[in-house]
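We count ligands from 1, going down the list as the structure has it; atoms in each ligand are counted the same way.
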Amino acid sequence: MLPFVEIDHVDQVFPLPGGGEYIALKNIDLTIRKGEFVSLLGHSGCGKSTLLNIIAGLAKPAAGGVILEGRQVTEPGPDRMVVFQNYSLLPWLTVRENIALAVNRVMATASKSEREAIVEQHIDLVNLRHAADKRPGQLSGGMKQRVAIARALSIRPKLLLLDEPFGALDALTRSSLQDQLMQIAEEHELTCIMVTHDVDEALLLSDRIVMLTNGPESYIGQIMDVPFERPRDRLEVVNHPSYYGMRSEIVYFLNQQKQAKKRKAALQVGAIARNGLEKVNLELGFVPLTDCAPLVVAKELGFFEKYGLEQVTLSREPSWKAIAEGITSGRLDAAQMIAGMPLALTLGMGGKAPVPVTTGLVLSRNGNAITLSKRFLHDGVRTVEDLKAAIARTPDKVPTLAVVHPASMHNLMTRHWLASGGIDPDRDVNIVTIPPPQMVAALKGGGIDGFCVGEPWNSRAIQEGLGYAIATDLDIWPGHLEKVLGVREDWANRYPQTHVALVTALLEACEYCDDRRNRESLAELLSRTEYVGASVEQLRPGLVDPYDRGTGDEPAQILRYNQFFVDRTNCPYRTEGLWIMTQLARWGITPFPRNWFDILDRTRRLDVFGAAARDLGLLDTEPNRSPIHFADGSIFDPDDPIGYLNSLAIKRDVQIEEVTVDQGLGVGV
Ligand SMILES: Nc1ncnc2c1ncn2[C@@H]1O[C@H](COP(=O)(O)OP(=O)(O)OP(=O)(O)O)[C@@H](O)[C@H]1O
């Protein structure tokens with residue numbers, strides 16, 4: 001379906017009184033379907049109203065634009081009506097006259113009796129017949145807001161924009177108006193965008209909640225799908241089993257934003273040097289997943305302090321996109337990253353300028369699964385070949401599969417798996433990106449037919465009866481690298497001793513995580529809201545318990561499902577980085593660099609890993625140059641990456657070019 005509203009890479013910039021400028025919004029990109037109700041949520045001053053004004057055509061963005069039904073918005077128009085918090089009614093006109101003013105202006109070609117009928121219909125719509133001849137001064141706040149809504153709806157806008165419409169009302173009036181708005185929006189299939197501060201209001205009314213980060217340069221931090229069925233009943237919504245989980249996820253996001261503000265102020269302090277290290281105050285990003293465990297353990301068990309890193313803060317990030325932004329902007333010192341991210345950022349993914357990012361540590365291996373909607377299991381889909389046959393049976397229905405980021409192993413391995421079964425991942429299926437914590441809600445809402453993600457999100461979908469794991473990543477490439485520690489290259493050069501201390505602390509934490517005696521307490525630790533925030537039951541499969549694929553088969557113990565240390569987990573082998581680069585090129589995500597050796601040298605810091613491993617007395621850290629063997633029988637020979645690329649049957653147009661990567665970035669840390 002074509003998008004109804006496209007907010008296309010919008011930036012907004014305001015001049016500051018003393019000179020300079022304030023970047024309020026940065027790269028806001030969002031599409032909205034017809035009939036959808038979307039809320040914009042965020043702290044005061046984050047830019048919600050600024051964005052709404054741009055959509056309304058009341059302000060022009062500094063960059064990007066808004067497209068409504070294929071036409072660029074350049075000025076206000078009757079197809080978009082805004083309802084403001086302060087009602088903006090004309091005080092000398094009655095309720096009827098206030099509504100009639102809008103109708104007469106916009107529907108000038110309709111006959112007088114038609115226009116009168118529309119006015120009366122909308123007076124009834126908001127139950128104000130008894131007050132039709134009263135002026136605003138004689139009305140309560142709730143009544144005034146009902147007039148404003150009736151006036152907005154009377155001209156039949158395509159898009160209703162609401163800027164904290166109920167913010168000034170008492171609780172009772174507020175809930176009654178929310179119910180009325182919900183009913184009207186559903187009956188008239190209205191598309192609505194509402195700015196609100198109120199988490200419960202957003203959950204009650206919205207199909208999606210768009211959470212904005214704090215400014216300057218606010219961006220979309222997280223988007224939550226709200227899966228409650230319509231028509232909605234307030235009590236049923238609040239009693240829905242997912243309600244409090246979703247609510248706490250939003251509150252957590254807002255709290256994180258508050259803390260980020262404090263941290264930004266603290267960043268001005270800059271590097272604190274002590275203990276022979278150039279910097280001991282670090283901000284580390286992670287995404288709520290089972291395999292963030294080494295960071296959590298290093299923090300909770302004091303491994304950072306043990307190696308002199310006295311002030312380490314962990315920052316729970318909503319998505320891999322936020323991690324990339326945090327590292328490239330210098331907001332984060334280092335982060336848990338999907339394995340392809342340092343390479344994709346260094347090569348300039350999506351046409352962006354290359355930002356050299358490097359890794360000296362693999363944090364984990366394995367731990368992902370491809371989960372499909374249960375309906376495929378009912379159709380007998382057990383293998384990739386069965387999936388191909390199922391797709392061929394319904395050529396008009398292209399399944400949508402979600403991955404967590406284009407540069408993730410989830411994307412690259414799902415594509416490898418599909419292609420190994422003769423399914424073209426760009427033509428036979430539709431692959432979209434969704435942050436890990438939102439996968440289950442998206443599957444439940446029916447927007448996607450399956451996903452590839454790390455734990456606990458597969459097990460959650462399986463335990464809720466929504467899906468089954470058709471393949472774990474051990475069925476595709478057993479022992480593949482999964483998460484790495486990523487830092488900017490200029491950061492690594494500026495803080496070399498700190499970098500080694502950080503890798504040493506995390507390497508010791510990895511060893512702790514793979515000691516099976518610690519796994520029970522690890523599941524408890526990860527379940528805490530500030531870390532993964534899922535139940536222990538959802539975290540246990542694969543980590544502690546046998547893995548239940550949701551197929552009805554007996555759960556099987558997969559010892560290496562979450563692998564943190566054993567079997568030479570932690571060395572950032574160049575061969576694996578090289579395979580990732582072939583895949584990024586295979587699917588058109590980045591070019592394949594002719595200077596691949598140089599890129600590998602810069603992005604895989606074997607020297608840092610070696611120094612940390614020596615500090616811990618570990619042997620056997622030699623680079624491994626053996627070919628990679630995949631479960632489908634294919635082999636990657638690191639000596640001939642271009643020959644390998646040429647041999648692949650399903651691929652896009654592969655670009656092979658010299659990639660120039662400068663190191664001269666402004667250091668914000
Ligand atoms: N015309 C302007 N000139 C300069 N700065 C502005 C202008 N309009 C908004 N800003 C700034 O842009 C940022 C975003 O403002 P905006 O009103 O969109 O925030 P908001 O999220 O709607 O806040 P609230 O929830 O408090 O209404 C704020 O820092 C604000 O001070």
Checking the N or O distance criterion of under 3.5 Å, is ligand 1 in contact with G45? yes

Pair S315, E317 - check side-chain hydrogen bond (donor to acceptor under 3.5 Å, both in side chains), show working. CA-CA 6 Å; S315 174; E317 301 286 320; 2.6 Å; yes

Going by the atom numbers of ligand 1, which of them fall below 4.0 Å from some non-hydrogen atom of Y22? 12 (O), 13 (C), 29 (O)

Looking at I338, L401, V403, which hits side-chain contact (heavy atoms from CB on, under 4.5 Å) with N411? V403

Within the protein, is there a heavy atom lying under 4.0 Å from atom 30 (C) of ligand 1? no

Does R71 CZ have over 12 foreign heavy atoms under 6.0 Å away? no

Atom indices of ligand 1 within 4.0 angstrom of H43 heavy atoms, with elements: 21 (O)

Would you call H197 a ligand 1 contact, heavy-atom distance under 4.0 Å? yes

May I have the step-by-step check of side-chain hydrogen bond (donor to acceptor under 3.5 Å, both in side chains) for N104 and R115, ending in yes or no? CA-CA 7 Å; N104 292 338; R115 280 181 275 142; 3.1 Å; yes

Among all the protein's non-hydrogen atoms, which is closest to atom 18 (O) of ligand 1, and how far away is it? T50 OG1, 2.4 Å

Pick from R488, K279, R494: which one makes a salt bridge (charged side-chain N to carboxylate O under 4.0 Å, His left out) with D333? K279

Quick one: look up the protein heavy atom nearest atom 4 (C) of ligand 1 and list residue, atom name and how far away it is. F14 CB, 3.2 Å

Side chain or backbone, does A24 bring an N or O within less than 3.5 Å of an N or O on ligand 1? no

Ligand 1 atoms nearer than 4.0 angstrom to some heavy atom of E164 are 25 (O), 27 (O)

Distance from atom 26 (O) of ligand 1 to nearest protein heavy atom, with residue and atom: S44 OG, 2.5 Å

Around atom NZ of K444, are there more than 12 heavy atoms from other residues, nucleotides or ligands closer than 6.0 Å? yes

If the cut-off is 4.0 Å to any non-hydrogen atom of S49, which atoms of ligand 1 fall inside it? 17 (O), 18 (O), 20 (P), 22 (O), 27 (O)

R316 NZ/CZ over Y531 ring centroid, <6.0 Å and within 45° of normal: no

Shortest protein contact, atom 25 (O) of ligand 1 (heavy atom only): K48 NZ, 2.8 Å

Is it the case that atom CD in E187 sees more than 12 heavy atoms from other parts of the structure closer than 6.0 Å? yes

Strictly under 4.0 Å, does any heavy atom of G47 approach an atom of ligand 1? yes

Residue that, paired with V5, satisfies side-chain contact (heavy atoms from CB on, under 4.5 Å) out of L68, V38, L30: L68

